[in-house]
Amino acid sequence: MSLKHTAPQKKWSFYAVMWSLPVLFFALLEGGLQIAGFGQDYPLFVPVEVAPDYLVMNREVSRRYFRRETRVPTGLHDAFRMEKDTTTKRIFVQGGSSAAGYPYYYGGSFSRMLEQRLQQSFPNMHIEVVNVAMAAINSYTILDQVDDILDHLPDAVLIYAGHNEFYGALGIGSSQSLGYNRFIVNLYLRLQSLRILQLIQDSLSQVLKASLRRQDGSSTLMERMVGRQSIPLDSEMYRHGVRQFRGNLQSILRKYQREGVPVFIGTVASNERTHPPFQNGLRSETDPDQWQNAYAIALADQSLPSSINRFQHLIAMDSMAATSWFGLATRLDARGDFDEARQAYIHAKDLDQLRFRATEEINHIIQEEALRASATLVDIQDELRKKSQDQIIGSDLMLEHLHPNLEGYFIFADAFYNAIYESKILGESRNYIPAGIARTEVLFTEIDSIFGELRLKKLLNSWPFKQLDYRSTLQEDTSDVLTFAEELAHALDRGDLRWFAATDQLRSYYASEGQHHHALKASLALLQEFPYLPLPYAYAGDALTAQGRFNEAVEYYRAANDLEESPTIHFNLGLIFQRKKEFEIAQEHFERAVSLDSDIPEFQFQLARNYILKKDLLMATHAVEALLELDPNHEDGLRLYQLLKPSLD
């Protein structure tokens with residue numbers, strides 16, 4: 001071979017070795033970190049510890065998106081079977097805190113209301129509504145979840161998102177931002193499992209925590225997530241945020257469409273009427289002192305026509321001032337010009353430079369992209385308006401700036417229910433559940449309500465609500481004596497009780513007070529949260545039995561036994577069938593109860609009594625003798641023995 005040809009070959013060999021060295025170094029470093037056990041993968045779903053054939057959303061999964069946070073948000077705890085059978089229909093819910101049901105969660109979330117109603121409409125199916133929403137996330141997280149959701153064979157996906165696009169994790173206005181380039185951010189999320197990347201993240205996070213010192217107990221996640229407080233409408237940052245939302249939404253819908261998964265996507269709604277803008281902003285050419293003086297005069301003007309004129313003059317002076325539009329809206333509202341007031345409220349909301357509420361442009365994007373991807377649009381904003389006073393969304397359905405109250409969440413559930421029912425994706429059903437009936441059956445306990453109020457009060461006492469002197473519609477409890485439910489909710493808030501224990505104690509209290517309908521609701525709330533535990537099914541059976549609803553009680557008792565056979569459940573089933581005069585079936589359950597636990601005198605007594613009702617006196621005698629061996633002083637047993645004695649002679 002000539003020197004002419006060997007020289008270039010050596011040159012390229014040299015380059016290949018040089019380029020391979022850093023690749024080899026990083027490969028070895030990655031392997032070493034994995035062998036050393038550094039870092040985690042944070043899958044979206046993990047097995048339930050006490051029921052490994054069930055999956056649940058990983059409480060640590062949000063660390064994929066909140067690497068700088070010590071305290072990370074969690075969502076609901078919707079368990080579903082690892083293996084999906086032909087009778088199961090599985091629906092996933094994605095979005096931010098409103099989709100998760102903040103501040104109530106549990107029975108206060110629209111997804112739990114929806115699951116309960118769909119199950120009643122399709123009783124021959126097993127309906128699973130799995131909510132993977134969580135606070136302070138946006139379209140980046142929703143897109144990142146899609147592949148994990150597709151792995152678990154969804155029959156439909158519901159999306160309610162758009163408010164967090166700027167300040168949600170990795171949003172361009174957030175403290176966690178990685179910049180404007182959507183490709184880079186999504187690539188970063190796909191590479192999250194790399195231990196090298198996690199090592200770099202952890203190192204940077206420690207530096208940032210030391211310099212910022214913002215992870216104190218008094219700051220809320222809402223406060224910590226804000227990186228840029230002022231994002232004017234149509235500014236460069238605003239435009240990037242809107243493009244970020246549209247691009248990610250297109251990718252989300254395209255993935256589901258490609259797999260043939262129906263998507264139901266909701267428009268987003270805000271409190272328009274009773275929540276002023278968080279942050280006003282003026283054009284650079286506006287004299288702030290002149291504007292402020294004119295604004296103060298307009299606010300102080302007690303004459304409605306004159307005040308309206310003054311606010312209109314302020315808007316002519318600077319149409320970008322959010323508080324001018326809000327002031328005009330309140331005056332038009334007071335005059336009864338509700339259509340004009342609504343438009344002014346919307347302008348005020350859209351011009352608010354602290355972007356916690358989605359602009360109307362976000363809803364336009366949702367509508368356009370739903371149409372493009374053949375997704376079903378569920379107009380939540382319109383449904384809330386229809387049911388709001390004067391068709392302006394306010395504190396009759398909203399708690400603060402954008403989180404609905406219980407009535408608002410029920411409207412969410414109702415809108416999605418109707419859309420799913422009409423789509424027939426779950427099949428044909430003639431068992432439509434009217435809204436009035438569904439509303440009375442919502443599994444929302446006193447604890448959920450009070451705990452939600454406590455959580456909300458903490459939020460409203462923090463930035464940015466405190467700067468508005470925001471007044472909650474919730475009433476302060478000025479009494480020294482708390483109800484039992486309040487005591488439980490406060491213990492839950494302090495961390496002295498877990499939700500299961502608190503709700504179980506409330507259920508027990510209702511049962512002892514003879515409030516069996518409330519006891520049933522609490523039992524079903526426990527069941528919805530923990531479908532893999534037998535106790536909630538048994539509790540529901542107890543409450544139904546106390547109400548005389550024996551056929552329904554039998555179903556719940558049998559479900560409890562399917563999960564874990566219990567002598568007590570068999571005994572309860574025996575009592576029910578005995579009352580129904582189905583003595584053969586009752587005998588089977590009493591005998592099984594005795595075989596599982598032969599040391600309970602009452603089991604033997606009821607078995608003996610059932611034999612008597614069957615007129616099988618010989619077997620009754622044997623059962624009574626076994627009973628008296630256990631408890632020679634059992635009064636009812638002794639009386640029964642005296643009754644049977646003549647038949648022995």
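Note that the numbering runs from 1 along the sequence shown for the chain.
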Looking only at heavy atoms, which two atoms of [X] and [Y] are closest? And how far apart?
X: V378; Y: A415; result: CG1-CB, 3.7 Å
X: S395; Y: N405; result: O-ND2, 4.0 Å
X: A538; Y: I569; result: CB-CD1, 3.5 Å
X: M398; Y: I393; result: CG-CG2, 3.8 Å
X: N610; Y: A586; result: OD1-CB, 3.4 Å
X: I142; Y: G95; result: CD1-CA, 4.0 Å

Spacing of [X] atom [atom1] and [Y] atom [atom2] [to the nearest 0.5 Å]:
X: F122; Y: N124; atom1: CZ; atom2: CG; value: 10.5 Å
X: L520; Y: L524; atom1: CG; atom2: CG; value: 4.5 Å
X: E529; Y: Y532; atom1: CD; atom2: OH; value: 7.0 Å
X: L544; Y: S523; atom1: CG; atom2: OG; value: 8.5 Å
X: I411; Y: L397; atom1: CD1; atom2: CG; value: 4.5 Å
X: E259; Y: D147; atom1: CD; atom2: CG; value: 9.0 Å

Hey, is [atom1] on [X] packed in by over 12 heavy atoms from elsewhere, all under 6.0 Å?
X: Y510; atom1: OH; result: yes
X: R498; atom1: CZ; result: no
X: E564; atom1: CD; result: no

Are [X] and [Y], when compared by the centres of their aromatic rings, separated by less than 6.0 Å?
X: F590; Y: H570; value: no
X: Y160; Y: F412; value: yes
X: H589; Y: F577; value: yes
X: Y557; Y: Y537; value: no
X: Y105; Y: H77; value: no
X: F410; Y: Y417; value: no
X: F264; Y: F416; value: no

Report the C-alpha distance between L150 and V261 in whole Å, list the side-chain angles of each, state the deciding distance to 0.1 Å, and finish with yes or no for side chain to side chain contact (heavy atoms under 4.5 Å, CB included). CA-CA 9 Å; L150 288 171; V261 177; 3.8 Å; yes
Under 6.0 Å from the ring centre and within 45 degrees of the ring axis: does the NZ or CZ of R455 meet both conditions for the six-membered ring of F451? yes
Using a 6.0 Å distance limit plus a 45 degree cone around the ring axis, check whether R507 lies over the aromatic ring of Y539. yes
Tell me, please, which residues at least two apart from D144 pass side chain to side chain contact (heavy atoms under 4.5 Å, CB included). R64, Y65, L189
Who passes side chain to side chain contact (heavy atoms under 4.5 Å, CB included) against Q119, sequence neighbours left out? H126, I127
Could you tell me whether a side-chain N or O of [X] sits under 3.5 Å from a main-chain N or O of [Y], the two making a donor and an acceptor?
X: N418; Y: D414; answer: yes
X: D155; Y: R90; answer: yes
X: T503; Y: F500; answer: no
X: S388; Y: L384; answer: yes

Looking at [Y] and [X], is any side-chain nitrogen of the basic one under 4.0 Å from a carboxylate oxygen of the acidic one?
X: R439; Y: E407; result: yes
X: R112; Y: D78; result: yes
X: K614; Y: D616; result: no
X: R592; Y: E565; result: yes

Apply side chain to side chain contact (heavy atoms under 4.5 Å, CB included) to the pair Y102 and L459, showing each step before the final yes or no. CA-CA 11 Å; Y102 178 92; L459 178 71; 3.5 Å; yes
Would you check, one step at a time, whether the test side chain to side chain contact (heavy atoms under 4.5 Å, CB included) holds for S429 with Y421? CA-CA 8 Å; S429 173; Y421 190 91; 4.1 Å; yes
Identify which one of V93, L114, I91, L158 satisfies the side chain to side chain contact (heavy atoms under 4.5 Å, CB included) criterion when paired with N131. V93
Can you tell which of T445, L399, L456 makes a side chain to side chain contact (heavy atoms under 4.5 Å, CB included) with Y104? L399
Given the rule in the side chain to side chain contact (heavy atoms under 4.5 Å, CB included) test, do R117 and M113 qualify, once you have shown the distances and angles that lead to the verdict? CA-CA 6 Å; R117 198 168 167 191; M113 300 179 198; over 6 Å; no
Between the side chains of [X] and [Y], does any donor sit under 3.5 Å from an acceptor?
X: H403; Y: S97; answer: yes
X: E446; Y: Y509; answer: no
X: D85; Y: T88; answer: yes
X: S121; Y: N431; answer: no
X: Q528; Y: Q116; answer: no

Tabulate below the donor-acceptor pairs under 3.5 Å that side-chain atoms of residues 633-640 make, not counting sequence neighbours, or state none.
{"residue": "H634", "atom": "ND1", "partner": "G637", "partner atom": "N", "Å": "3.0"}
{"residue": "D636", "atom": "OD1", "partner": "R639", "partner atom": "NH2", "Å": "2.3"}

Let me have the donor-acceptor pairs involving side chains of residues 48-55, under 3.5 Å, with sequence neighbours excluded, atom names and distances please.
{"residue": "D53", "atom": "OD2", "partner": "R81", "partner atom": "NH1", "Å": "3.4"}
{"residue": "Y54", "atom": "OH", "partner": "R81", "partner atom": "NH2", "Å": "3.0"}

Below 30° counts as parallel, above 60° as perpendicular, anything between as tilted: where do the rings of F45 and F92 land? tilted
Can you give me every donor-acceptor pair (side chain of residues 598-609, partner residue at least two apart or in another chain, under 3.5 Å) with its distance?
{"residue": "E602", "atom": "OE2", "partner": "Q606", "partner atom": "NE2", "Å": "3.4"}
{"residue": "R609", "atom": "NH1", "partner": "Q578", "partner atom": "OE1", "Å": "2.5"}

Any side-chain heavy atom of V263 sitting closer than 4.5 Å to one from T376? no
Can you sort out the partners of K386 under salt bridge (Lys or Arg N to Asp or Glu O under 4.0 Å), two or more places apart, ordered by chain and number? D382, E383
